[in-house]
Amino acid sequence: MSKTRDHNNSLARRTAPGHVALVGAGPGDPELLTLRALRALERADVIVHDRLVGPGVLALAGPGAEIIEAGKQGFGPSWKQDDINALLVARALAGAQVVRLKSGDPGVFARLDEEIEALEAAGVRWSIVPGITSASAAAAGMGQSLTRRGRNGELRLITGHDMKGYAEQDWRALARPGAVAAIYMGKRAARFLQGRLMMHGADPHTPVTVVENASRPDEHRAPATLATLTDKLAAVEMTGPAILLLGLAPRDAAALPAPVATPKELTS
Ligand code: SAH
């Protein structure tokens, strides 16, 4: 901890009450942080971050910041939401400027409201700093737009699973030609999604692109169709965070016959 930083922090504590900024870290590439997020990171006394926040983003924290990983994972071991809430409240009440850093946008599948409710209940001041959600980064990497005149006037952000298991959706709407959906936490639910969509009449040739580690150096795109999705996922073995874009193919792959197009050939 640097001296100047200590001094600044204690000054801040005397003059300002604690505060929690709920900040979007974007999809991973630090270049995709907002300026407001960067400033919040530089000024934070404490940063409480999700497992998916990239190391490049955390490297932008001020030298004196205490960095705490509060990992939450859909299926694996994780912090309890109550423990995270309690930590945020305790630090803010002690006068700290807290950054609660969440991957992507903090308002998209990030349990933002539970944290806000806990902060409100404790009388802690808070604010939200939006971020670039992974759907935007994944589509940008594919050279695609998420909405397109004449194709889709609506975009759905859906989750592959919820508290009860695989999540039910409006399958009829999703199965319509031209429908576009960004499916978060969808890797494990792929077979379920495929089954539900086919059952509701979706064209098996509908493109589905799996984008792993969007915006990161190890970004990987696996273009598939609804029919080939599960085989494709089994073949590529993805370990990083991945989003499924239903109804979108990478721009180049869309123009080529599917059997000859692989991501490597297209990019070389
Ligand atoms: N708030 C985040 C979403 C959190 S839910 C956002 O706005 O992006 C976690 C899911 O987000 C992951 O299971 C994955 O589907 C998706 N995700 C997060 N970061 C990603 C990335 N860099 N590339 C692809 N998908 C990502």
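For this chain, numbers begin at 1 and follow the sequence in order. Everything numeric in this text was worked out from a predicted model, so none of it was measured. Order of listing sets the numbers, starting from 1, for every ligand and every atom in it.
- Looking only at protein heavy atoms, the nearest one to atom 13 (O) of ligand 1 is Met185 CG, 3.2 Å.
- The nearest protein atom to atom 23 (N) of ligand 1, hydrogens excluded, is given as Ala214 N, 2.8 Å; this is a heavy-atom distance.
- Between Trp171 and Phe192, the ring planes are perpendicular. Angles over 60° get that label, and only those under 30° would be called parallel.
- Set against the non-hydrogen atoms of Val211, the atoms of ligand 1 under 4.0 Å away are 24 (C).
- Remark: minimum distance from atom 15 (O) of ligand 1 to any protein heavy atom is reached at Ala242 O, 2.6 Å.
- With salt bridges taken as basic N to acidic carboxylate O contacts below 4.0 Å, none links Lys187 and Glu212.
- Ion pair Arg176/Glu154 not flagged as a salt bridge, since none of the NZ, NE, NH1 or NH2 atoms sits closer than 4.0 Å to an Asp/Glu carboxylate oxygen.
- Here is the list of ligand 1 atoms found below 4.0 Å of a heavy atom in Leu52: 9 (C), 18 (C).
- Residue Thr133 has at least one heavy-atom neighbour below 4.0 Å for each of these atoms of ligand 1: 6 (C), 7 (O), 8 (O).
- A heavy-atom separation below 4.0 Å is not found between Gly28 and ligand 1.
- Nearest protein heavy-atom contact of atom 22 (N) of ligand 1 is Pro27 O, 2.9 Å.
- For atom 11 (O) of ligand 1, the closest non-hydrogen atom on the protein side is Tyr184 CD2, 3.5 Å.
- Protein heavy atom nearest atom 17 (N) of ligand 1, with residue, atom name and distance: Ser134 OG, 3.2 Å.
- The Arg216 neighbourhood of ligand 1 comprises atoms 22 (N), with distances under 4.0 Å to a heavy atom of that residue.
- Nearest to atom 3 (C) of ligand 1 among the protein's heavy atoms is Val108 O, 3.5 Å.
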